[in-house]
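Throughout, numbering of the chain's residues begins at 1 and tracks the sequence.
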Amino acid sequence: MQNFTFYNPTKILFGQGQIAALSAEVPAGAKVLLTYGGGSIHRNGVYTEVKAALSGHAVVEFGGIEANPQFETLMRAVDLARKEQVDFILAVGGGSVIDGSKFIAAAFYHEGDAWAILAEHAAVQRALPLGTVLTLPATGSEMNAFAVVTRASTREKLPFSSPLIYPRFSVLDPTKTFTLPPRQIANGVVDAFTHTVEQYLTYPVNAPLQDRFAEGILQTLIEEGPKTLREPQDYDARANMMWCATMALNGLIAAGVPQDWATQHDRSRDHRPARSRSRPDPGGGAAGDAPAPARCQARQTHPVWAQGLGPQRGRRAHHR
């Protein structure tokens, strides 16, 4: 096993009705920048619940964060946040809204051109605290310190990370995903599956616990993914899928093992699909989207794909 440092300070509030807990989680007296994407949170009732939970706080709203959040849009949010002198950001949405809000948090205190955070890897010295209400399980951004931002004017799509952009808390209520289109849920399953594969189909370092964590996520997605598509209001199936997507990219299964991340940024930058639409259609099979090196590794450990996941398969098969 490789050396590692594992750190994840994000508090998870999981389950039905947890949006009401925002009133206790957002610091008392904080002026909140509420960020979101399109109009879906108005249609599904999430917006109403969030505003009710924040009734004791001053709230400034910024909507319209795109799929694959754009630097230009986010800088308008930064300007608004500075003008209103907000103290806290609450991101309500999926991975794009959360990623964009992480950038807003980091850029708020940045002196000079905030693009340097992305293009020059300028260190984030200070960031606004933020929390999230997840409405689309897929990217794991609700429990990690990474974000990806697109600059439309130059067609660049770049990542950044900082421990200062971990969400203080994230609310995961599976019932708030019941009205999502099937295609978006399928995307989320594929996204979580691929994230896990990129940390699992690499090379052996004798880390069986991490392998079993990864296999548990993959097997659960294989079992629960089709179920939650067939029965979108099955709470247990959706809850299992939602938790898999979070666990796939919160650092736990990456601890002490090699990783092989796919390069998907260019395709999604050019076409601006939903985040995981940067990947092939899930109808072709989630495993088919593994990056080329992972597909090569899969051929060497073909029982993972041919027979399903189980003991002594995948990376652990090499240890025998």
Side-chain angles (χ1 to χ4, degrees), residues 1-8 95 121 137-141 143-148 157-163 166 187-225 240-241 243-268 275-276 278-282 284-320:
M1 188 188 307
Q2 298 173 344
N3 291 358
F4 68 90
T5 298
F6 177 73
Y7 170 77
N8 194 314
H121 307 291
T139 70
S141 190
M143 199 180 179
N144 66 40
F146 300 95
V148 181
K157 185 172 182 180
L158 300 175
F160 83 104
S161 65
S162 168
Y166 272 108
N187 291 343
V189 172
V190 172
D191 225 356
F193 195 97
T194 305
H195 288 154
T196 306
V197 163
E198 288 164 334
Q199 300 165 87
Y200 175 65
L201 286 180
T202 54
Y203 58 86
V205 291
N206 196 12
L209 179 60
Q210 288 90 321
D211 287 345
R212 290 187 176 106
F213 283 151
E215 289 165 4
I217 293 170
L218 294 172
Q219 187 65 46
T220 301
L221 288 169
I222 289 169
E223 295 169 357
E224 300 294 309
N240 287 325
M241 178 264 176
W243 190 228
C244 279
T246 299
M247 293 298 291
L249 206 58
N250 67 0
L252 182 63
I253 66 171
V257 300
Q259 302 165 52
D260 177 19
W261 294 104
T263 302
Q264 303 289 350
H265 294 168
D266 288 344
R267 281 185 288 163
S268 60
R275 285 285 293 270
S276 52
S278 62
R279 307 183 186 281
D281 193 292
D289 186 50
R295 288 199 300 271
C296 180
Q297 179 73 1
R299 294 188 190 103
Q300 300 175 31
T301 58
H302 61 277
V304 172
W305 311 114
Q307 301 176 26
L309 299 169
Q312 298 301 326
R313 295 191 174 97
R315 182 163 49 210
R316 288 188 289 118
H318 290 289
H319 300 320
R320 291 190 296 175

Task: Evaluation steps, side-chain contact (heavy atoms from CB on, under 4.5 Å), between V257 and F4 - done: CA-CA 9 Å; V257 300; F4 68 90; over 6 Å; no
- [ ] Would you please test L158 and V148 for side-chain contact (heavy atoms from CB on, under 4.5 Å) and show each step?
- [x] CA-CA 6 Å; L158 300 175; V148 181; over 6 Å; no
Counting C-beta onward and ignoring hydrogens, is there a side-chain heavy-atom pair between [X] and [Y] closer than 4.5 Å?
X: Q199; Y: Q210; value: no
X: M1; Y: N206; value: no
X: D191; Y: T139; value: yes

If you look at every heavy atom in [X] and [Y], which pair is closest and at what distance?
X: G225; Y: V189; result: CA-CG2, 4.1 Å
X: T220; Y: G216; result: OG1-O, 2.7 Å
X: G188; Y: M241; result: C-CE, 3.6 Å

Drop me the distance from [X]'s [atom1] to [Y]'s [atom2], to the nearest 0.5 angstrom.
X: M143; Y: W243; atom1: CE; atom2: CH2; result: 5.0 Å
X: Q219; Y: R212; atom1: CD; atom2: CZ; result: 14.5 Å
X: L201; Y: T196; atom1: CG; atom2: OG1; result: 10.5 Å
X: N144; Y: H195; atom1: CG; atom2: NE2; result: 9.0 Å

TODO: Would you please name every residue forming a ring pair (Phe, Tyr, Trp, His ring centres under 6.0 Å) with Y7, sequence neighbours left out?
DONE: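 Here the qualifying residues are Y166.
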Cut-off 3.5 Å, no hydrogens considered: what does the side-chain donor-acceptor table look like for residues 244-255, sequence neighbours left out?
{"unit_1": "T246", "atom_1": "OG1", "unit_2": "E142", "atom_2": "OE2", "d": "2.5"}
{"unit_1": "T246", "atom_1": "OG1", "unit_2": "M242", "atom_2": "O", "d": "3.4"}
{"unit_1": "N250", "atom_1": "OD1", "unit_2": "L252", "atom_2": "N", "d": "3.1"}

Open item on the list: Between Y200 and E215, do the side chains contain a donor N or O and an acceptor N or O under 3.5 Å apart?
Closed with: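 Indeed, the side chains of E215 and Y200 share at least one donor-acceptor pair under 3.5 Å.
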